[in-house]
Amino acid sequence: MCEQRGPVESLQLGVREVPEPTPQPGEVLIDVEVCGVCRTDLHVIEGDLPVAKDSVIPGHQVIGRRRDTAQRVGVPWLHRSCGRCSWCVSNKENLCDAPQFTGYHVDGGYAEVVAADPAFTYPIPGDLMPERAAPLLCAGVIGYRAYLRSGARSGCRLGLYGFGASAHIVIQVARHFGCEVFVMTRGERHRELARSLGAAWAGDAAESPPRRLDSAILFAPAGEIVPAALAALDKGGTLACAGIHLSDIPSLEYQSHLFNERTLTSVTANTREDGRELLRLAAEIPIETSVELFPLDAAQEALAKLKNDGIQGAAVLRVRD
């Protein structure tokens with residue numbers, strides 16, 4: 001339960017007994033098995049995002065079983081959209097005018113039980129282990145939407161800035177479609193993982209890729225990287241910023257950063273179709289997620305380790321066996 005906002009290291013996050021959630025009309029209860037730990041959880045806890053609920057249970061990469069059917073499902077970031085605005089009726093519910101998000105507006109999956117709208121959950125294939133599936137629900141699907149928004153295509157040169165939970169999934173999608181992938185990230189462990197997953201080149205976050213990029217995705221929440229990433233693009237290239245939060249972007253110089261039809265774009269949540277496509281690809285490729293497991297009562301440790309780039313791949317909380 002998060003009741004205060006501030007640096008995760010200074011907070012007292014712990015397990016406590018709270019009443020079981022009461023499902024709203026149309027919702028079902030889900031017994032949580034595992035929940036992924038996402039950088040967005042950090043943004044909620046540390047106050048980078050406006051407070052939507054004073055006391056909130058974080059977590060939005062939830063795998064568990066529906067009580068009414070025993071079906072294993074995934075509960076993602078988008079808890080529910082309004083279903084009425086122009087965005088919803090055009091199947092762009094990620095841009096809904098009045099969305100609700102799991103672990104932000106409503107209590108999330110750092111808990112034994114969550115309430116969810118079945119229309120916004122995903123069936124999880126029986127051969128996909130819960131802890132391996134959890135990172136697909138946000139890191140994976142947001143990364144996949146960023147891949148689409150970047151304009152990446154078969155055979156293109158794709159740059160990934162930052163190599164955490166999202167990027168280690170996206171590189172597998174990109175390699176599946178024949179992209180040549182260049183990775184810029186802090187930490188040799190992350191670069192080694194990138195190379196093992198097929199990166200053509202992996203360098204430090206401050207380095208320039210050895211070739212011009214057709215597309216790029218910024219996963220690191222660091223706006224200061226944007227000018228360098230734009231400058232690394234070839235003519236007509238696109239940089240997609242994948243985070244829900246980004247530090248301020250320095251001034252851009254038109255000729256160096258945007259001329260020759262370079263594009264800077266963002267990613268906002270995901271549609272349910274994005275999720276269905278990513279889960280289909282996860283089985284087809286197949287996608288292998290690299291995870292580090294933590295018990296539920298070690299959530300603060302997992303978040304602090306994530307903040308300091310100490311997780312190789314994705315962190316996942318085990319709630320029950």
Side-chain angles (χ1 to χ4, degrees), residues 8 32-45 58-64 74-77 102-103 108-110 122 124-125 128-147 160-175 181 183 185-187 189-199 202 217-221 242-245 267 269-270 274-275 278-279 281-283 285-296 298-319:
V8 68
V32 179
E33 296 173 286
V34 298
C35 184
V37 178
C38 180
R39 193 166 289 273
T40 300
D41 300 335
L42 266 176
H43 294 320
V44 171
I45 291 165
H60 57 272
Q61 298 181 103
V62 186
I63 304 291
V75 181
W77 172 240
T102 310
Y110 291 15
Y122 301 105
I124 301 299
L128 194 56
M129 295 294 291
E131 61 269 23
R132 301 291 176 181
L136 298 174
L137 295 175
C138 184
V141 72
I142 295 299
Y144 179 61
R145 186 164 186 85
Y147 173 82
L160 304 180
Y161 289 83
F163 202 79
S166 278
H168 97 283
I169 294 170
V170 168
I171 192 174
Q172 296 178 65
V173 174
R175 294 295 300 134
V181 181
V183 172
T185 191
R186 297 187 300 181
R189 283 199 314 143
H190 298 307
R191 293 191 284 272
E192 287 176 1
L193 179 60
R195 295 184 193 106
S196 74
L197 291 171
I217 304 171
L218 175 59
F219 290 111
I244 191 172
H245 171 78
V267 174
N270 63 274
D274 294 332
L278 190 275
L279 287 169
L281 280 171
I285 293 174
I287 292 174
E288 295 290 337
T289 53
S290 175
V291 301
E292 184 172 347
L293 285 169
F294 295 82
L296 180 58
Q300 186 163 7
E301 176 191 346
L303 286 160
K305 198 169 181 180
L306 174 64
K307 180 179 180 178
N308 292 290
D309 292 325
I311 302 293
Q312 186 157 340
V316 176
L317 302 179
R318 186 185 294 280
V319 177

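Heavy-atom basis, side chains included; hydrogens, waters and symmetry copies ignored.
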**Student:** Treating Glu292 as the side-chain partner and Gln312 as the backbone partner, does any N or O pair qualify as donor plus acceptor under 3.5 Å?
**Tutor:**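 A pair under 3.5 Å: no.
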**Student:** So, does His168 use its side chain to make a donor-acceptor pair with the main chain of Ser290 at under 3.5 Å?
**Tutor:**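 Confirmed, His168 side chain pairs with Ser290 backbone.
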**Student:** Do Val37 and Tyr110 come close enough that some side-chain heavy atom pair is under 4.5 Å?
**Tutor:**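 Of all side-chain heavy-atom pairs linking Tyr110 with Val37, at least one is under 4.5 Å.
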**Student:** Could you pull out the closest heavy-atom pair between Gly74 and Leu137, with the gap in Å?
**Tutor:** CA-CD1, 3.6 Å
**Student:** Any carboxylate oxygen within less than 4.0 angstrom of a Lys/Arg side-chain nitrogen, looking at Arg191 and Asp309?
**Tutor:** no
**Student:** For a quick test of reading the model, state the closest non-hydrogen atom pair linking Arg145 to Asn270 and the distance between them.
**Tutor:** CD-CA, 3.9 Å
**Student:** Where do Ala194 and Val183 come nearest, in terms of heavy atoms and distance?
**Tutor:**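 Heavy atoms of Ala194 and Val183 come nearest at CB-CG2, 3.9 Å.
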**Student:** Could you check whether any side-chain N or O of Arg189 sits under 3.5 Å from a backbone N or O of Gly310, counting only pairs where one atom can act as donor and the other as acceptor?
**Tutor:**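 Flag set: sc Arg189 to bb Gly310 pair under 3.5 Å.
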**Student:** When rounded to the nearest 0.5 angstrom, what distance separates CG in Leu136 from CD1 in Ile63?
**Tutor:** 7.5 Å
**Student:** Should Tyr122 and Leu278 count as side-chain neighbours, where that means a heavy-atom distance under 4.5 Å?
**Tutor:**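 Result no, sub-4.5 Å side-chain heavy-atom pair not found.
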**Student:** Would the distance check show the side chain of Gln61 and the main-chain N or O of Ala139 forming a donor-acceptor pair, the cut-off being under 3.5 Å?
**Tutor:** yes
**Student:** Hey, is the main chain of Glu288 close enough, under 3.5 Å, to the side chain of Gln172 for a donor-acceptor pair?
**Tutor:**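 Yes.
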**Student:** Is the side chain of Thr102 donor-acceptor paired with the backbone N or O of Gly108 at a distance under 3.5 Å, no angle test?
**Tutor:** no
**Student:** Grab the two heavy atoms, one from Gly59 and one from Asp41, that are nearest each other, plus how far apart they are.
**Tutor:** N-OD1, 3.6 Å
**Student:** Considering non-hydrogen atoms only, spot the tightest contact between Ala199 and Ile171 and give its length.
**Tutor:** N-CD1, 3.7 Å
**Student:** A side-chain contact here means heavy atoms from C-beta on lying under 4.5 Å apart; do Ile124 and Pro130 qualify?
**Tutor:**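 The answer is no, as the side chains (C-beta and beyond) never meet within the 4.5 Å cut-off.
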**Student:** Side chain of Arg175, backbone of Leu197: donor and acceptor closer than 3.5 Å?
**Tutor:**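 Not a single qualifying donor-acceptor pair exists.
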**Student:** Nearest 0.5 Å, please: how far is CD in Glu131 from CG in Leu317?
**Tutor:**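 So the CG of Leu317 and the CD of Glu131 are separated by 12.5 Å.
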**Student:** Which heavy atom in Thr185 sits nearest to a heavy atom in His190, and how many Å separate them?
**Tutor:** CG2-CB, 3.8 Å
**Student:** Any chance you could measure Cys35, atom SG, to Arg318, atom CZ, to the nearest 0.5 Å?
**Tutor:**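 Atom-to-atom, Cys35:SG and Arg318:CZ are 13.0 Å apart.
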**Student:** Enter the distance from Leu160:CG to Tyr147:OH here, rounded to the nearest 0.5 Å.
**Tutor:**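 Interatomic distance, Leu160 CG to Tyr147 OH, rounded to 0.5 Å: 10.5 Å.
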**Student:** Going by heavy atoms in the side chains, are Pro58 and Ile45 under 4.5 Å from each other?
**Tutor:** yes
**Student:** Could you grab the distance from atom CD1 of Ile287 to atom CZ of Arg132, nearest 0.5 Å is fine?
**Tutor:** 13.0 Å
